[in-house]
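Note that this is a predicted model, so its numbers are computed, not measured.
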Amino acid sequence: MDSEVRRYLTDLVGVARDVLGDDLVGGYAAGSVGLGAYQPGRSDVDVALVCARPLDPDRKRRLVAGLRHEALPCPARGLELVVYTAAAARSGTPEPGFEVELNTGARMDFRVTWDANERPASDGRFWYGLDRSILHECGQALLGPPAAEAFADLSPADLRRLLVDALRWWLALPTPPGDGPAPGAEDAVLGACRSLAKVRHGRWLSKAEAGRRLLADGWAADAGGPAGLIERSIAARAGGPAPSGPEARAFQRRVLAEISGIAE
């Protein structure tokens, strides 16, 4: 783990313990840190906290106040924090189910959602079940029991449904026009690779690793030759030019068709 991120996560858990006391039963690094793919200057820091019981509004406010970037500077692009009760973390359901969610950072818009029921459907409600599935398999415990014990996985049917929902959500966003490089298109391609690799191989991989896995098992060639697109997307994460918006969307549609077919 990046040493600066490690220090930050230690401080974050300390703040959470000060606010939640004995009700804090676990803290877990997720996302790129959990998957061993953190890139300084590019990645977010994703953290899930687990508490023993639902949080009252005052403790939610104090937790957000103590962890927002202005109070505890995040060394990454930003912090994406979600707090669950232990029961919600172990539920294995596809529902959001969180207590409070915080996005904050020097290069991230500040956002707080105080209750899972406030999460607009237009912003995507699929993220949380997928994140808990990744935590179950790959989360790094900062405090508390192993992540595989703290978080239950999704059923295969719920997993595929949420992956389909996620791809449809991405495809509904405006497509960057033109054939030139579209910043972020590489993540659209490799995020789709990660979804398909999970369905095909049963494991969560980092975005770049998932792209390499699909290249290695021949799917890219069998699917009509998007191997070059995957390779360019991997290279873009290291500073190369991104693919165009239209070709990224076409690739996402290809992956959606396969996952939807499996789900049906």
- Message: For a quick test of reading the model, state the closest non-hydrogen atom pair linking Ala185 to Ser244 and the distance between them.
- Response: CB-O, 4.0 Å
- For Ala210, all residues meeting side chain to side chain contact (heavy atoms under 4.5 Å, CB included), sequence neighbours excluded: Cys193, Arg194, Ala197, Leu205
- Message: With heavy-atom distances below 4.5 Å as the criterion, would you say the side chains of Arg61 and Trp114 are in contact?
- Response: yes
- Message: Is it the case that the side chain of Glu258 and the backbone of Leu256 share a donor-acceptor pair, with hydrogens and angles ignored and the cut-off at 3.5 Å?
- Response: no
- Query: Are any non-hydrogen side-chain atoms of Tyr28 and Leu142 less than 4.5 angstrom apart?
  - Reply: no
- Could you tell me whether the side chain of Leu20 reaches within less than 4.5 Å of the side chain of Leu55, counting heavy atoms only? yes
- Heavy-atom count around Asp22 CG within 6.0 Å, excluding the residue itself: above 12? no
- Query: What are the two closest heavy atoms between Glu137 and Lys198, and how far apart are they?
  - Reply: OE1-NZ, 3.1 Å
- Message: Restricting to non-hydrogen atoms, name the atom on Asp46 and the atom on Ser32 that form the minimum distance, rounded to 0.1 Å.
- Response: OD1-N, 4.2 Å
- Heavy atoms, side chains only, cut-off 4.5 Å: are Ile230 and Phe251 in contact? yes
- Note on the structure: Paired with Val100, the side chain to side chain contact (heavy atoms under 4.5 Å, CB included) test is passed by just one of Val82, Val112, Thr113, namely Val112
Side-chain polar contacts of residues 169-181 - donor-acceptor pairs under 3.5 angstrom, sequence neighbours left out - could you list them?
residue	atom	partner	partner atom	Å
Trp169	NE1	Ser122	O	2.8
Thr175	OG1	Arg249	NE	3.3

